[in-house]
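Positions are given from 1, in the same order as the sequence printed here.
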Amino acid sequence: MSETEQTPTYDLDAYLDRIGWKGERRADLETLRGVHLAHALSLPFENLDPVLGRAPSLAPADLMAKMIHGRRGGYCYEHNTLLRLALEAFGFRVTPLAARVVVGAATPESRPRTHAMLRVEVPGEPLPYLADVGFGAPGALLLPVPLVTGTEFEGAGRRHRLVRLPHDGPLELWELQVHEAGGGAGDGNWAGQYAFTLEPFAATDFEVFNWFVGTHPRSPFTSRPYLQRTTADRHLALDGARFTETRADGTVTEHTLTEEAEARRVVTEEFGIEVPEGLRLLG
């Protein structure tokens, strides 16, 4: 048993029970893929703490209380901290990374580095993997992908690839892209999700990122509820009052929530999240 597994603030058994993972606890590619997918399909993305005006705690004990023992989700720093602790307990070598979200951005440099992901070294595999269970978007990874360009990866119904972007820095700039389907067979385009280098980041860096994203008035996460949940057959999103359901066949339905009671029911029943005390979802 590793030091990470023994820490009194992190309960590996409870985490694995919460995500429904029953596989063998070993550092191999099958385990990485299985835990990654189980986490992505079990724990929702949500920003309800920032809407209340507070940055969520990243302490392992608080993450366990909120997301594992409580009926809550979290955003990227919370999700990927929980995943990192589990992978390290299994014996993987994990390096936290930080990215600039490029969805809707004019250039990668127009956004700060505010997204957290993980570089995972898998024993016996020639390349490290990009793991990320905390990107709150329909283009998020459901399975980890090798850090290599020139290859498309299909996992759990989504297609991704990594490309390198030109820039002036000394390190290579990578971009994760998702394939967005078009109207006909073979149609669609590749859309950038976030750009990053392989520079490692420390816990203190993420404390600063977390405080900014969770409290700054210009942060998109402090102004309105933003929730995402992925299941085996659909993706759910709540952005303010707009509730969107995307089926596996591509069918999209949207509905504007107008009543607080309806919004609370959607958050509780559809996303599996307990609304924090004192929060009005519709303002």
Next item on the list: Please test V101 against F135 for side chain to side chain contact (heavy atoms under 4.5 Å, CB included), starting from the C-alpha separation and ending with a verdict.
Entry: CA-CA 9 Å; V101 176; F135 191 56; 4.0 Å; yes
Check: Does the distance from a Lys or Arg side-chain N to an Asp or Glu carboxylate O, for R265 and E259, drop under 4.0 Å?
Finding: no
Check: Without hydrogens or angle criteria, can the side chains of H69 and D11 be said to hold a donor-acceptor pair below 3.5 Å?
Finding: no
Next item on the list: For the residue pair W190 and H179, categorise the inter-ring angle as parallel (less than 30°), tilted (30 to 60°) or perpendicular (more than 60°).
Entry: perpendicular
Margin query: Taking S57's backbone N and O only, do any of them form a donor-acceptor pair with N210's side chain (distance below 3.5 Å, no angle check)?
Written below: no
Notebook entry, point to check: Do L48 and P225 have side-chain heavy atoms sitting under 4.5 Å apart?
Noted result: yes
Note to self: Counting only heavy atoms from other residues, nucleotides and ligands, does the tally under 6.0 Å from CD of E24 exceed 12?
What the structure shows: no
Check: Once you round to the nearest 0.5 Å, how far does CG of L12 lie from CD of E88?
Finding: 11.5 Å
Next item on the list: Would you check, one step at a time, whether the test salt bridge (Lys or Arg N to Asp or Glu O under 4.0 Å) holds for R72 with E46?
Entry: CA-CA 8 Å; R72 291 289 304 278; E46 53 112 324; 2.6 Å; yes
Next item on the list: State whether a side-chain donor-acceptor pair under 3.5 Å links T197 with R113.
Entry: yes
Note to self: With clusters defined by side-chain heavy atoms of hydrophobic residues (ILVMFWY) lying less than 4.5 Å apart, directly or transitively, does V94 cluster with L29?
What the structure shows: yes
Check: Between Q193 and A191, is there a donor-acceptor pair closer than 3.5 Å when you use the side chain of the first and the backbone of the second?
Finding: yes
Margin query: Using every non-hydrogen atom in the two residues, find where I68 and L43 come nearest and quote the distance to one decimal.
Written below: CD1-CD1, 4.4 Å
Notebook entry, point to check: Atom CG of D132 and atom NE2 of H115: how far apart are they, to the nearest 0.5 Å?
Noted result: 3.5 Å
Margin query: Tell me if the centroids of the rings in F212 and F209 come within less than 6.0 Å of each other.
Written below: no
Next item on the list: May I ask you to test the P220-Y226 pair for a side-chain heavy-atom distance under 4.5 Å?
Entry: no
Check: Between R71 and E274, is the closest basic N to carboxylate O distance under 4.0 Å?
Finding: no
Margin query: Side chains of K22 and D17, heavy atoms from C-beta outward: is any pair under 4.5 Å?
Written below: yes
Check: Is there a side chain to side chain contact (heavy atoms under 4.5 Å, CB included) between L41 and T230 once you walk through the steps?
Finding: CA-CA 5 Å; L41 297 182; T230 300; 3.8 Å; yes
Check: Counting only N and O atoms by type, is there a donor-acceptor contact under 3.5 Å from the side chain of Y129 to the main-chain atoms of L32?
Finding: no
Check: Would you find a donor on one side and an acceptor on the other, under 3.5 Å apart, between the side chain of R164 and the backbone of E172?
Finding: no
Notebook entry, point to check: If you look at every heavy atom in L127 and P146, which pair is closest and at what distance?
Noted result: CD1-CB, 4.4 Å
Checklist line | Ion pair check, R26 and D28, cut-off under 4.0 Å | finding: yes
Checklist line | Closest heavy-atom pair and its distance - E262, T258 | finding: OE1-N, 3.6 Å
Check: Are V145 and W174 in one and the same hydrophobic cluster, where Ile, Leu, Val, Met, Phe, Trp and Tyr link if side-chain heavy atoms are under 4.5 Å apart?
Finding: yes
Check: Any idea how H79 and F45 line up, ring-wise: parallel (<30°), tilted (30 to 60°), or perpendicular (>60°)?
Finding: parallel
Note to self: If I take atom CE from residue M67 and atom CD1 from residue I19, how far apart are they, to the nearest 0.5 angstrom?
What the structure shows: 11.0 Å
Note to self: Taking T114's backbone N and O only, do any of them form a donor-acceptor pair with Y194's side chain (distance below 3.5 Å, no angle check)?
What the structure shows: no
Next item on the list: To the nearest 0.5 Å, tell me how far E245 CD sits from L238 CG.
Entry: 13.0 Å
Next item on the list: Hey, could you give me the CG/NE2 distance between L118 and H36, rounded to the nearest 0.5 Å?
Entry: 8.0 Å
Next item on the list: Using the rule that two of Ile, Leu, Val, Met, Phe, Trp, Tyr join whenever any of their side-chain heavy atoms come within less than 4.5 Å, decide whether L141 and L37 are in one cluster.
Entry: no
Next item on the list: Evaluate the side-chain proximity of L165 to P108: yes if any heavy-atom separation is below 4.5 Å, no if none is.
Entry: yes
Check: N47 side chain to F221 main-chain N or O, any donor-acceptor pair under 3.5 Å?
Finding: yes
Next item on the list: Before giving the answer on side chain to side chain contact (heavy atoms under 4.5 Å, CB included), spell out for L82 and Y10 the whole-Å C-alpha distance, their side-chain angles and the decisive distance to 0.1 Å.
Entry: CA-CA 9 Å; L82 284 175; Y10 178 75; 4.0 Å; yes
Checklist line | Linked, directly or transitively: L162 and V120 (ILVMFWY side chains, under 4.5 Å) | finding: no
Notebook entry, point to check: Does T222 use its side chain to pair, donor to acceptor, with the backbone of H216 at less than 3.5 Å?
Noted result: yes
Check: If you round to the nearest 0.5 Å, how far is CG of L85 from CE of M64?
Finding: 9.0 Å
Next item on the list: Establish whether L281 and V266 are linked, either directly or via other cluster members, by ILVMFWY side-chain heavy-atom contacts under 4.5 Å.
Entry: yes
Notebook entry, point to check: If every non-hydrogen atom of L63 is compared with every non-hydrogen atom of L58, which pair is closest and at what distance?
Noted result: CD1-O, 3.6 Å
Notebook entry, point to check: Does V35 reach the side chain of F90, with side-chain heavy atoms less than 4.5 Å apart?
Noted result: yes
Next item on the list: Taking R158 for its side chain and P138 for its backbone only, find out whether a donor-acceptor pair lies under 3.5 Å.
Entry: yes
Note to self: For L83 versus A131, what's the shortest heavy-atom pair and its separation?
What the structure shows: CD2-CB, 4.3 Å
Notebook entry, point to check: How far apart are the closest heavy atoms of G240 and L282, and which atoms are they?
Noted result: O-CD2, 4.4 Å
Note to self: Name the residue from R161, R159, H160 that meets the side chain to side chain donor-acceptor pair (under 3.5 Å) definition with E152.
What the structure shows: R159
Notebook entry, point to check: Does the side chain of L198 come within less than 4.5 Å of L147's, by heavy atoms?
Noted result: yes
Note to self: Tell me if a side-chain donor or acceptor on R100 pairs with a main-chain N or O of R111 at a distance below 3.5 Å.
What the structure shows: yes
Notebook entry, point to check: Between Y75 and Y77, how do the two ring planes meet: parallel, tilted or perpendicular, split at 30° and 60°?
Noted result: perpendicular
Check: Do T81 and R84 come within less than 4.5 Å of each other through their side chains, counting heavy atoms only?
Finding: yes
Next item on the list: Evaluate the side chain to side chain contact (heavy atoms under 4.5 Å, CB included) criterion for residues V148 and F153: first the C-alpha distance (whole Å), next the side-chain angles of each, then the deciding distance (0.1 Å), finally the verdict.
Entry: CA-CA 10 Å; V148 62; F153 305 99; 3.7 Å; yes
Check: Are any non-hydrogen side-chain atoms of V51 and R224 less than 4.5 angstrom apart?
Finding: no
Check: For the side chain of T31 and the backbone of G23, is there at least one donor-acceptor N/O pair under 3.5 Å apart?
Finding: no
